[in-house]
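Have a look at the structure below before the remarks.
Along the sequence shown, residues carry numbers from 1.
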Amino acid sequence: MIPLPVLDSHAPPVRVMALHALAYCRRLFYLEEVEEIRVADHRVFAGRHLHAALEADEDGAAVSVELASERLGLFGKVDCLRRRDGSHLPYEHKRGRPARGADGAAEAWPSDRLQVVAYATLIEDAFGQPVPEGRIRYHAANVTVRVPVDDRARADLSAALADARALRESVERPAITENARLCEKCSLAPVCLPEEVRQDREPEREPRRLFPQDRDGATLHVVSQGTAVGVSGDSIVVKPREGPEAKHAIRGVETVLLHGFTQISTQAIRKCVEHGVGVHWLSVSGHHTASTVPTAGQVQRRVRQYKALTDPATCLRLIKHLASAKVEGQYRYLLRATRGDPALREQAQPHLNAIQPLLGRIPGAAEAETVRGLEGAAAVEYFAALRSVLGPQVPEELRAASRSRRPPVDRFNALLSYGYGLLHTAVMRAVLASGLEPALGFFHTPRSAAYPLVLDLLDLFRVTVWDMPLVGSLNRGQWDAAADFEVTRAKVWLSEQGRKKAIGLFEDRMQETWKHPVLNYSLSYARTIELEARLLEKEWTGEPGLFARSRLR
């Protein structure tokens, strides 16, 4: 019998289910066990339902027995433990079908085999008796497969444990698997993005979308001042100062946004954390102030980010990609918005003429500050040209001659700033969901309380997510210059009616879908922002070249 190596007392034990993931895909193991990224899709929930249905003792079997061995550094929960011929045998239950050998006979999948062998080893360690085999029940085929626990099985388990412990010591993700079929049933495909990498390497490859098209839940905006947010059972309860309270099932909510002087109870925050619902606080004017931040498993991701974004060459490369995408987006939007209208094009043409050479100089810039200067000069021309894309029906009080930010001094800039504030929070959600550090960016430099990485990604979406729908709504006459704004000598901001109208416009845009020009599949703008954050991380995890490549048509 081949003995298993004894664990170093300082190393944490390995989960048996983690070994199952390791045998399936080394990258899956790393994402789940090292970076602690876990996503429960419909297959995971179906598996949980099966195991819950098996929570009954039958034929003298002990169900769902927890086992652990400090000596071996291994622990897990076996589905079923049965007594056969004087020995304890582990039973595992699987929803799917078994593998088939060359003769068509049912066989255990390698990951399932490793899992049941690990349980057998734990049983031996616990009871001091040899375990000759384990058994796996494949419910879809109504077949039970016997797995011998022999020297070969023990050697495979020993090698897997050594590989698992080596991976936990590394800060580098393993490469995507060569077997693309494994990715189709993997719950972590939206995090791993294997098909996006394969398609970049093989442009003629037929796109197979594994990334979700839209968000998993709704965004709950709490706008009315004085509103309190609490919890009742599995529902978020919104209680305004006046009027009836509203209940929202927490499983249908992805994010809660608290605007201005609204409150949320500690119990509600805890419930949101338990269900992975982000909570974000914004000022009355729409500026992001704080967020709940998940902390588990982010060390390796942030170590890689720090290493990459302290390298000047990497930063310069990313800065050029970002600036080119932003400026080209502004340029193309002005062309599109003035197409077919000679009068509008004549007004915008001087600014287009100024932007074009600036855009052409970005790829050849040798320093980051040069790129920032070119991008800034293009932004001045862009905002000056925005006035020309507003139709003659837009009243003068809803126009602006230039961009003013802190504070906005006219209604048009108040609308821009409020929408950018909502977009800032959406980008922050995507950055946190991707496990990145929002305070460490590459284009924007640290200043005040703003998060540089969030501002970096935000620049990719200003035009498509807010400028375009805002200009369209102004041209359609959807804004009331009196009722939708509050005006003082010092600044202009949106009234409660105006904020609700802006939030509606923003959320409608976030739900709209478009076909990604590089990846060739459709997804909502909300998902596009998250996808871009994950593609950015790939720039320093060995799979570069996909970030900031999409362009406005």
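The CG atom of Leu453 lies 10.0 Å from the CG atom of Leu432; values are rounded to the nearest 0.5 Å. Put simply, OG1 on Thr255 and CG on Leu220 are 9.5 Å apart, with the number rounded to the nearest 0.5 Å. With rounding to the nearest 0.5 Å, the separation of CD in Glu375 from CD1 in Ile319 is 10.5 Å. Distance CD/Glu32 to SG/Cys25: 10.0 Å, rounded to 0.5 Å. The line from CG of Asp484 to CD of Glu496 is 12.0 Å long, rounded to the nearest 0.5 Å. With values rounded to the nearest 0.5 angstrom, Leu334 atom CG is found 5.5 Å from Ile355 atom CD1.
For Thr177, there are no side chain to side chain donor-acceptor pair (under 3.5 Å) partners two or more places apart in sequence or in a different chain. The salt bridge (Lys or Arg N to Asp or Glu O under 4.0 Å) check on Glu396 picks up Arg387, with sequence neighbours excluded. Applying the ring pair (Phe, Tyr, Trp, His ring centres under 6.0 Å) criterion to His221, with sequence neighbours excluded, gives His259. A search for side chain to side chain donor-acceptor pair (under 3.5 Å) contacts involving Ser388 returns nothing, not counting sequence neighbours. For Asp311, the side chain to side chain donor-acceptor pair (under 3.5 Å) partners at least two apart in sequence or on another chain are Thr314.
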- Are Gln225 and Val284 close enough, and set up right, to give a side-chain contact (heavy atoms from CB on, under 4.5 Å), and what steps lead you there? CA-CA 9 Å; Gln225 303 304 284; Val284 175; 3.7 Å; yes

- Message: Determine whether Met510 and Ile529 satisfy the following criterion, side-chain contact (heavy atoms from CB on, under 4.5 Å), listing intermediate values before the conclusion.
- Response: CA-CA 9 Å; Met510 292 287 278; Ile529 295 173; 3.9 Å; yes

- Message: Please evaluate residues Glu397 and Trp479 with respect to the criterion side-chain contact (heavy atoms from CB on, under 4.5 Å), reporting the C-alpha separation (whole Å), side-chain torsions for both, the decisive distance (0.1 Å), and the verdict.
- Response: CA-CA 11 Å; Glu397 56 263 40; Trp479 296 94; over 6 Å; no

- Go through Ser524 and Glu512 one step at a time and tell me if the side-chain contact (heavy atoms from CB on, under 4.5 Å) criterion holds. CA-CA 5 Å; Ser524 69; Glu512 291 183 16; over 6 Å; no

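Side-chain contact, Asp456 with Tyr451: no donor N or O sits under 3.5 Å from an acceptor N or O. Side-chain polar atoms of Thr425 and His280 form no donor-acceptor pair below 3.5 angstrom. Side-chain contact annotation: Glu530 with Ser434, donor-acceptor N/O pair under 3.5 Å absent. In summary, the side chains of Trp281 and Ser291 do not present any donor paired with an acceptor at a separation below 3.5 Å, with no hydrogens or angles considered.
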Check: residues 359-369 side-chain donor-acceptor pairs under 3.5 Å, at least two apart:
residue : atom : partner : partner atom : Å
Glu369  : OE2  : Arg372  : NH1          : 2.7

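A 4.5 Å side-chain heavy-atom check between Ile236 and Val229 finds at least one atom pair inside the cut-off. No side-chain heavy atom of Phe443 sits less than 4.5 Å from a side-chain heavy atom of Leu457. Under the 4.5 Å side-chain criterion, counting only non-hydrogen atoms from C-beta, Met468 is in contact with Leu552. The side-chain heavy atoms of Glu381 and Asn353, taken from C-beta on, include no pair separated by under 4.5 Å. When side chains are defined from C-beta on, Pro544 does not count as touching Lys538, because their heavy atoms never get closer than 4.5 Å. Side-chain contact between Thr464 and Tyr333 is absent, with no heavy atoms from C-beta onward closer than 4.5 Å. For the pair Phe485 and Leu398, the minimum side-chain heavy-atom distance is below 4.5 Å.
Between Arg165 and Glu169 there is no salt bridge, since none of the side-chain N atoms of the basic residue sits less than 4.0 Å from a carboxylate O of the acidic one. Here Arg304 does not pair with Glu172 in a salt bridge; the nearest charged N to carboxylate O distance is not below 4.0 Å. Residues Arg270 and Glu274 are not paired through a salt bridge, judged by the lack of any N-O separation under 4.0 Å between the basic side chain and the carboxylate. At a threshold of 4.0 Å, the pair Glu35-Arg173 counts as salt-bridged, since one of the basic side-chain nitrogens sits closer than that to a carboxylate oxygen. Between Glu537 and Arg534 there is no salt bridge, since no side-chain nitrogen of the basic residue lies less than 4.0 Å from a carboxylate oxygen of the acidic one. Using a cutoff of 4.0 Å between basic side-chain nitrogens and carboxylate oxygens, Arg549 and Glu196 are not scored as salt-bridged. The pair Asp459-Lys326 meets the salt-bridge criterion, with a side-chain N (NZ, NE, NH1 or NH2) lying under 4.0 Å from an Asp/Glu carboxylate O.
Smallest separation of non-hydrogen atoms from Ala337 and Leu344: O-CD1, 4.3 Å. The shortest non-hydrogen separation linking Val256 to Cys272 is CG2-SG, 4.4 Å. Leu282 approaches Thr289 most closely through the heavy-atom pair N-OG1, 3.9 Å. When all heavy atoms are compared, the tightest approach of Ala533 to Leu436 is O-CD1, 3.8 Å. Pairing each heavy atom of Phe547 with each of Leu535, the nearest pair is CB-O, 4.1 Å. What you find for Leu458 and Tyr420 is that their closest heavy atoms are CD1-O, 3.8 Å.
At least one cation-pi condition fails for Arg499 and Tyr418: the charged atom is not both under 6.0 angstrom from the six-membered ring centre and inside a 45 degree cone around its axis. By the 6.0 Å and 45° rule, Lys307 does not stack over the aromatic ring of Trp540.
Atom CD of Gln349 has more than 12 heavy atoms from other residues, nucleotides or ligands within 6.0 Å. Sparse packing is recorded around CZ of Phe261, with 12 or fewer heavy atoms of other residues, nucleotides or ligands lying under 6.0 Å away. Atom CD of Gln263 is surrounded by 12 or fewer heavy atoms from other residues, nucleotides or ligands within 6.0 Å.
Checked options Arg26, Arg168, Arg27, Arg15; the residue passing with Glu33 is Arg15 (criterion: salt bridge (Lys or Arg N to Asp or Glu O under 4.0 Å)).
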